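Let me begin by presenting the structure, written as C-alpha cells, before commenting on it.
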Amino acid sequence: MTETTLFGGHPLTRDLSDAAGVQFLDTTLRDGEQAPGISLSPDEKARIACQLDAAEIDVIEAGSACTGPGERKTISRVADLDLDATVTSFCRGIRDDIDLALECGVDGINLVVPASDRHIEEKVGTSRADNVDSTVELVEYAKAQGLWVEVIGEDGSRADLDYLEELLGAAIDAGADRICWADTVGHATPDGALEAVSRLSELGPVSTHTHDDLGLAVMNALVSIAAGADMVHGTINGIGERAGNVALEEVAIALDHGYGVETMDLTEVYDLAQLIANTTGIQLAPNKAVVGQNAFTHESGIHTDGTLKDDAMYEPYRPEKVGRERRLALGKHAGRAGVAAALDEHDIDVSDDELATIVQRVKEIGDRGRRVTDADLLTIAEEVKGTDRERRVELLDLTTIAGGGTPTASVRLAVDGEEREPASSTGSGPVDAAMGAIEGALGHSVDWNLDSYHVDAITGNTDAVVTVEVEMSRGDRTVTVSNSDSDITRASVHAMVDAIDRLIADEDEPVVADD
C-alpha cells in the first residue's frame, strides 16, 4: 500500500489519513470581510452563517465586536440564529473587547495577542514578559465569563519559536481551550509550519491560520495537520486580506479525496461559494479549484470523448461530491462526441451528416475566439435541420431611464403569440430594473434564476459594442445565451429574454400572467 505521509515519513508528522476529527473555523465574516471593498450587512452575514452551518462548519467567527455598534448588531444577529456551530468574535488583547463580545451573546472569542517582537515592541509597545502576563489575565477573565477561548499568536510565523511556545503554553495553563499558530502575513514555508506546529501541538489543542501570499496556504494547512493541528482557520473561496486566506473547500477536498478524512458537508460547497461570491462581489476565477466554472467543464474533443465513455477519465472526483454538475463546453476544440452529447441534452436528434455540419459550424465560431453558447448551438442545429422554432417569449420594446433619478425600465413582451401589457420596474441600475420588469411582464409562473452574468468583448471608440453572456436556469435545466449591442442594457435584456424562451420552449404549461 502506498504511504500517504508527507516528506517521506518525517518523524514530526503523522499520516494524514489518521487525522480524523479535524475541524474548520470559518472566518469569512471577519477576515474575509477585511478584503478591500467588502462590507456585509446583518442580513448578508446571517444568510452566509446559516449556509456555513448547513455545510457543517464547526466554528464561525462572526466579526470583531470592537469595530463598532453596527458590527456588534451584526454579530448579535448571527449569535441569535441558534446554529449548531460555535459562534465567536475576534478580540484584541484588551479586556473591553471581551466585554463587547459578551454583549453580542457569542459562544466564544478568538483572542489575538502579539507574538513576534515586531508586534510586541513596535505595534503594542510592551515587553515579552508583560505580554505573557497580560495574556494570562485575559484568558482567565474570559473563561470566568463562561466563554470558549482560543488564543492566537499574531505573526506567529515570524516569532521566536521558544517565546511563542512560552506565550501560548501560558495561555493553555491559564485555561484557554486551544491555541493557534498564525501565519498572519503569509510568510511561512512548509518547513516553518512543520517545526512550529509540531512543537505547539505538544502544549494542547492547536489550530492553524494560513494565508496565501506565497501560494502555500493549502500546503501549510496540510502540513500543520500532519504536524498535529486539529483545526484549520480559513475562508470560503479563499477571500481575505492581500492574497487571501486558505480556501477551506480546497483543504476539505484534499483531505477527503486524498486521505479519506471528512471535515464538512462538501455537497454544500458550490452553493456556498456562489452565495459568497455574489454577496461580496468577488467573483470566482474560472480555473478556481473545486468551485471555479471550469473545474468540471470539458471542451477538448479528446477529453470530452473520454469523459463521456468514463466520467473518471479526466476528473479526480465526481462533480456531485462538491454539489456540481459536469458541463461540456463547445468551441474550436469540440468534437463529434461533445456536440452530440450537447444536442442530446436539448433532445435534438440529428443524422450523421447533420452532426458533421453542426460540428464544423461550431468550430468556425470557436476559431473566431467566441465561446459557443447553448443558444448558438440550438440556432445552428435549427438552421442545419431546416426547422423553424416558434418563440414563446419575444421582446417587442424596451425603454430605460437612468442618470439623475432612480433607474427605471419598461418592457413589452409577446408571450405565446399574444402581446402583454408593458411592465415597469425600478432597480439599483438599468439592468436590474429591466430584470424586474421582465419578471413583472411574465408573471411568477415562470420561476427562473440568473446564475451568472458576464460582460466582455468591448470594442474601442465611441461606438463600442459590448457582449453580455448570461447563464440562466429553471429547475434542472440551464442555458447560456450571449448578445452583443452598443447598449449594455439592451444586450442584457435580449440575452435574458432569449434564455427564458429557451428554458420554457418544450413546456406545455401556459405562461400565466400575475393578476
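Predicted, not measured: the structure shown is a model, and the values here were computed from it. The first residue of the sequence shown is numbered 1, and numbering continues consecutively from there. Every heavy atom of this structure was used, including side-chain atoms; hydrogens, water molecules and symmetry mates were not.
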Does any part of the side chain of [Y], heavy atoms only, come nearer than 4.5 Å to the side chain of [X], both counted from C-beta?
X    : Y    : value
L255 : L222 : yes
M231 : P205 : no
V251 : V246 : yes
I236 : L52  : yes
V431 : Y453 : yes
E61  : L29  : no
V136 : E140 : yes
D271 : L275 : no

Please check this pair: side chain of [X] against backbone of [Y], looking for a donor-acceptor N/O pair closer than 3.5 Å.
X    : Y    : value
R118 : K123 : no
N237 : I239 : no
D212 : G244 : no
K45  : A62  : yes
T67  : G63  : no
Q23  : V232 : no
T184 : D155 : yes
E122 : H119 : no

TODO: Take M472 and N449, measure what side chain to side chain contact (heavy atoms under 4.5 Å, CB included) needs, and give me the verdict at the end.
DONE: CA-CA 5 Å; M472 300 181 71; N449 293 308; over 6 Å; no
Shortest non-hydrogen contact from [X] to [Y]?
X    : Y    : answer
A101 : S89  : CB-CB, 3.8 Å
C50  : L81  : SG-CD1, 3.9 Å
P114 : V124 : CG-CG2, 3.7 Å
W181 : L200 : CB-CD1, 3.8 Å
D26  : T235 : OD2-CA, 3.8 Å
P42  : T74  : CG-OG1, 3.3 Å

Let me confirm one number: the [atom1]-[atom2] distance from [X] to [Y], rounded to the nearest 0.5 Å.
X    : Y    : atom1 : atom2 : value
T279 : Q274 : OG1   : CD    : 10.5 Å
S201 : R14  : OG    : CZ    : 8.0 Å
I282 : T280 : CD1   : OG1   : 4.5 Å
N220 : L214 : CG    : CG    : 8.0 Å
L83  : I57  : CG    : CD1   : 12.0 Å
L248 : I253 : CG    : CD1   : 13.0 Å

Open item on the list: Would you say CG of D84 has more than 12 non-hydrogen atoms from neighbouring residues, nucleotides or ligands within 6.0 angstrom?
Closed with: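 Atom CG in D84 is not packed in, count stays at 12 or less.
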TODO: Assess whether atom CG of D162 is packed by more than 12 heavy atoms of other residues, nucleotides or ligands within 6.0 Å.
DONE: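 Check passes, neighbour count above 12.
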Distance-only side-chain donor-acceptor flag, [X] / [Y], under 3.5 Å:
X    : Y    : answer
E137 : Y141 : no
S473 : D451 : yes
E71  : S64  : no
S157 : D183 : yes
R30  : Q34  : yes
T208 : S224 : yes
N110 : T88  : yes

Open item on the list: Which residues pass the ring-ring contact (aromatic ring centres under 6.0 Å, His included) test with H209, not counting sequence neighbours?
Closed with: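 Applying ring-ring contact (aromatic ring centres under 6.0 Å, His included) to H209 gives H211, H233.
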Open item on the list: Under the rule for side chain to side chain donor-acceptor pair (under 3.5 Å), what residues qualify as partners of D344, not counting sequence neighbours?
Closed with: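 With sequence neighbours excluded, D344 shows a side chain to side chain donor-acceptor pair (under 3.5 Å) to no residue whatsoever.
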Task: D177: partners by side chain to side chain donor-acceptor pair (under 3.5 Å), with sequence neighbours left out - done: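 Side chain to side chain donor-acceptor pair (under 3.5 Å) check on D177 returns K143.
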In a table with atom names and distances, give each donor-acceptor pair under 3.5 Å that connects a side chain of residues 163-173 to protein atoms at least two apart or in another chain.
| residue | atom | partner | partner atom | Å |
| --- | --- | --- | --- | --- |
| Y163 | OH | R128 | O | 2.8 |
| Y163 | OH | N131 | ND2 | 3.0 |
| E165 | OE1 | R199 | NE | 3.2 |
| E165 | OE1 | R199 | NH2 | 2.5 |

Task: Result of checking V139, L111, I109, D107 against L147 for side-chain contact (heavy atoms from CB on, under 4.5 Å) - done: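 The residue from V139, L111, I109, D107 that satisfies side-chain contact (heavy atoms from CB on, under 4.5 Å) with L147 turns out to be I109.
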Open item on the list: Please evaluate residues T86 and D58 with respect to the criterion side chain to side chain contact (heavy atoms under 4.5 Å, CB included), reporting the C-alpha separation (whole Å), side-chain torsions for both, the decisive distance (0.1 Å), and the verdict.
Closed with: CA-CA 6 Å; T86 298; D58 303 282; over 6 Å; no
TODO: Give a yes or no on whether a salt bridge exists between D43 and R77, defined as a side-chain N under 4.0 angstrom from a carboxylate O.
DONE: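 Yes, charged N to carboxylate O under 4.0 Å.
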- [ ] Given side chain to side chain contact (heavy atoms under 4.5 Å, CB included), test V185 with R158 step by step and report yes or no.
- [x] CA-CA 9 Å; V185 297; R158 295 191 296 188; 3.7 Å; yes
Task: Qualifying salt bridge (charged side-chain N to carboxylate O under 4.0 Å, His left out) pairs, either residue in residues 217-246, two or more places apart - done: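 Sorted pair list: R178-D230, D213-R242.
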Task: side chain to side chain donor-acceptor pair (under 3.5 Å): pairs with one or both residues in residues 246-257, sequence neighbours excluded - done: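 Residue pairs passing side chain to side chain donor-acceptor pair (under 3.5 Å), neighbours aside: E249-K288, E250-K288, D256-K321.
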- [ ] Check the pair L100 / E103 against side chain to side chain contact (heavy atoms under 4.5 Å, CB included), numbers first and verdict last.
- [x] CA-CA 5 Å; L100 292 172; E103 291 178 13; 4.0 Å; yes
